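Since the model is a prediction, treat every value here as computed from it, not as a measurement. The sequence lines fix the lettering, A, B, ..., with proteins before strands; numbering per chain opens at 1.
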Amino acid sequence: MNVVVVESPAKAKTINKYLGSGYKVLASFGHVRDLPAKDGSVLPDQDFEMSWEVDSASAKRMKDIADAVKSSDGLFLATDPDREGEAISWHVLDLLKKKRVLGDKPVKRVVFNAITKKAVLDAMANPRDIDVPLVDAYLARRALDYLVGFNLSPVLWRKLPGARSAGRVQSVALRLVCDRESEIERFVSEEYWNISALLKTPRGDEFEARLVSADGKRLQNRAIKTGDDANRLKALLEGATYVVDSVEAKPVKRNPSPPFTTSTLQQAASSRMGFGASRTMQVAQKLYEGIDIGGETVGLITYMRTDGVQMAPEAIDAARKAIGEQFGDRYVPEKARFYSTKAKNAQEAHEAIRPTDFNRTPDQVKRYLDADQLRLYELIWKRGIASQMASAEIERTTVEILASNGGEKAGLRAVGSVIRFDGFIAAYTDQKEDGEQSDDGDDEGRLPPINERDNLAKQKINASQHFTEPPPRYSEASLIKKMEELGIGRPSTYAATLKTLSDREYIVIDKRKLVPHSRGRLVTAFLESFFTA
DNA sequence: CAGTGAGCGAGCTTCCGCTTGACTT
């Protein structure tokens, strides 16, 4: 019998099923030891010597593992294929050596890139040794976090009454929130005008066109600054004749987004359902651990703390099959789609978050789930299946219109788009979070039939006054997105970091927006002025 | 003589990242 150590108990169960009775798969439940939370856990003057402590819960796990190893033929360390996973294997091995239960039994390190039978069996057949540089990277990361946090926090206690903590991640996150607040306070709103004309085609259809040039000059966005300018242009248009200069129809393709990671799931659940980051994670955890479906407990989704966007080949095949069955063959693209991550620091130890079985539609599992679970599962199922569906085909029509009034000329433009084939949109479309600008003015509808040199009748000229708006405050979701871009924090800590900031009363969440408290701004100002690199 | 209060000193807080239950409220 061989012992296999993984991190999560839910995974242990599945993997044991794949490996059979010749193996005993045990979970470490994450890290098994850590630096004691007191002075002197890292000694910079003694070559950064670190002392480790096993807490009581971990001691129990380690005893179980040691007992199993004692009566085994060998040990497979199968913790996650990332920096922290490598470290957990290293810690477990070190503790087992200290317990003297290994003897000369073979010890192997294996990594599973997906929890499928094939991936697990392949991995078991191709073991390696512990990756020492990766463990060193962990040791440096751990020492640094300790040294920063446990030196900086006490300075705050002494100098800023009420301030309680600082750290590599939380202080940067806090600064992002504070910097945004300052930006909003400094923001000076500017006036601008938009001008458009409601026009009628010879066939009697009305549509709206936007003023884009005047006197032979292109009007940039927000180029019309004053009401006087707007009135002058409006007067020009009021007395003008209109003729269609060109009509151009262009096919455009739109591709689906990759399946969810922790960060994108938190963003989507926030903008669509108003879930906070912790609520999303709690519900996802339940779906991952398993739901009782007619007497059988099944995990409905893959692991929910991940920065990977890739799916197991078996899952891609299953998705393509399900797309064919549920949407039709036209919706299955010729080739499977492969995604790669853009996030800094991504370790891609796990697959993207996807349904474990694409055949289990939200409708089928509806009656076994509570409201939150159903909504989140539906979101994950749709985004997952959409990620392997055909592109949407859109025809975008651009109509350029010439307005002439005596010797004065102006140009107007109308843009419309028609979905020729909906493709992945049949399952899922992205939604902007409130406050975000749509990037390409994609909200236009369809245009009536229009031909070149058509004369158009002016119905009405609209001039509307606007003011530029300050950037929006961060939401939980948009801050997490920013942190991921910057490589601050990890999927397992995004929600926890936000909770720390509000527990310390550095920030407060008001209508789902993050507003810094005076205490938070003080801490940020203090750190900025005294601890700048 | 007993109760009050000024003044002093000791002890506490804290990081990030990986996992779930075992606890309260």
Side-chain angles (χ1 to χ4, degrees), chain A residues 5-13 26-42 44 50 52-62 64-65 77-92 134-135 137-174 262 278 281-282 284-286 288-290 299 303-307 345 347 349-350 483 487-501 503-506 523 527 531:
Chain A
V5 177
V6 299
E7 293 180 41
S8 143
K11 260 187 219 170
K13 244 171 76 185
L26 295 171
S28 76
F29 289 76
H31 271 297
V32 291
R33 59 180 186 183
D34 196 10
L35 300 173
K38 59 180 191 205
D39 280 351
S41 294
V42 178
M50 300 163 83
W52 303 106
E53 189 177 65
V54 182
D55 70 38
S56 63
S58 297
K60 233 176 96 205
R61 319 280 187 212
M62 279 309 302
D64 292 346
I65 293 171
L77 296 164
T79 50
D80 294 349
D82 58 12
R83 182 189 61 216
E84 301 295 319
E86 205 69 21
I88 292 171
S89 279
W90 177 80
H91 278 301
V92 167
L134 203 49
V135 175
Y138 155 79
L139 292 171
R141 194 281 299 159
R142 186 67 193 89
L144 177 106
D145 283 336
Y146 171 88
L147 291 170
V148 170
F150 276 60
N151 281 301
L152 228 40
S153 298
V155 175
L156 291 183
W157 303 339
R158 289 196 301 273
K159 300 293 179 191
L160 289 180
R164 291 184 49 212
S165 65
R168 172 179 60 88
V169 171
Q170 61 170 279
S171 297
V172 178
L174 178 59
T262 302
S278 334
M281 293 312 281
Q282 271 169 24
Q285 176 93 28
K286 266 299 203 221
Y288 163 72
E289 282 174 5
Y303 195 57
M304 63 280 146
R305 288 186 279 268
T306 176
D307 51 23
N345 281 9
Q347 308 211 7
H350 305 277
M483 289 170 68
I488 314 283
R490 301 278 309 138
S492 65
T493 59
Y494 294 136
T497 301
L498 287 167
K499 186 172 179 305
T500 299
L501 292 181
D503 282 352
R504 302 280 182 268
E505 294 180 327
Y506 289 168
V523 168
L527 293 174
F531 295 95

Base, sugar-phosphate, or nothing for A/Tyr494, non-hydrogen atoms under 4.0 angstrom? nothing

Can you tell me how far P of B/dG17 sits from CE of A/Met483, to the nearest Å? 8 Å

Check the phosphate of B/dT19 against A/Ser8, side-chain N and O only, distance under 4.0 Å to OP1 or OP2. Yes or no? no

How do A/Gln170 and A/Pro491 order along DNA chain B: which one's closest nucleotide is nearer the 5' end? A/Gln170

Are any of the side-chain heavy atoms of A/Asp307 and A/Thr262 separated by less than 4.5 Å? no

Which atom pair, heavy atoms only, marks the closest approach of A/Met50 to A/Leu139? CE-O, 3.6 Å

Gap between atoms OH and C1', on A/Tyr146 and B/dT14 respectively (whole Å): 10 Å

Using a heavy-atom cut-off of under 4.0 Å over every strand shown, decide if A/Gly85 touches base, sugar-phosphate, or nothing. nothing

Is A/Arg168 close enough to B/dG17 that one of its side-chain N or O atoms is under 4.0 Å from OP1 or OP2 there? yes

A/Arg504 vs B/dC15: side-chain N/O to OP1/OP2 distance below 4.0 Å: yes

Under the criterion of centre distance below 5.5 Å and interplanar angle below 30°, is A/Trp157 classified as stacked on the base of B/dT14? no

For residues A/Arg305 and A/Met281, report the shortest heavy-atom separation together with the two atoms involved. CG-CE, 3.6 Å

Would A/Tyr288 and A/Ser8 count as having a side-chain donor-acceptor pair, cut-off 3.5 Å? yes

Hey, does A/His91 have a side-chain heavy atom less than 4.5 Å from the side chain of A/Tyr138? yes

Let me know the distance between CZ of A/Arg61 and P of B/dT20, rounded to the nearest Å. 10 Å

Within less than 4.0 Å of OP1 or OP2 of B/dC18, is there a side-chain N or O belonging to A/Tyr138? no

In whole Å, what is the span from the CZ atom of A/Arg305 to the P atom of B/dT19? 5 Å

A/Lys11 bridged to A/Asp80 by N-O distance under 4.0 Å: yes

Any donor-acceptor pair under 3.5 Å between the side chain of A/Arg490 and the base of B/dC18? no

Looking only at side-chain atoms of A/Val169, point me to the closest of B/dT20, B/dT14, B/dC16. B/dC16

Please check the phosphate of B/dC15 (OP1 and OP2 only) for any side-chain N or O of A/Ser153 closer than 4.0 Å. no

For A/Tyr288 and B/dC18, give me the distance from atom OH to atom C1', rounded to whole Å. 12 Å

How long is the line joining CH2 of A/Trp52 and C1' of B/dC15, in whole Å? 13 Å

Nearest-nucleotide wise, let me know which of A/Ile88 and A/Ala163 is further upstream toward the 5' end of DNA chain B. A/Ala163

Would you indicate what A/Asp80 reaches in the nucleic acid, counting non-hydrogen atoms under 4.0 angstrom: base, sugar-phosphate, or nothing? sugar-phosphate

Grab the NE2-P distance between A/His350 and B/dG17 for me, whole Å please. 14 Å

Closer than 4.0 Å, any side-chain N/O of A/Ser28 to the OP1 or OP2 of B/dT19? no

Rounded interatomic separation in angstrom, taking NZ from A/Lys499 and P from B/dC15: 12 Å

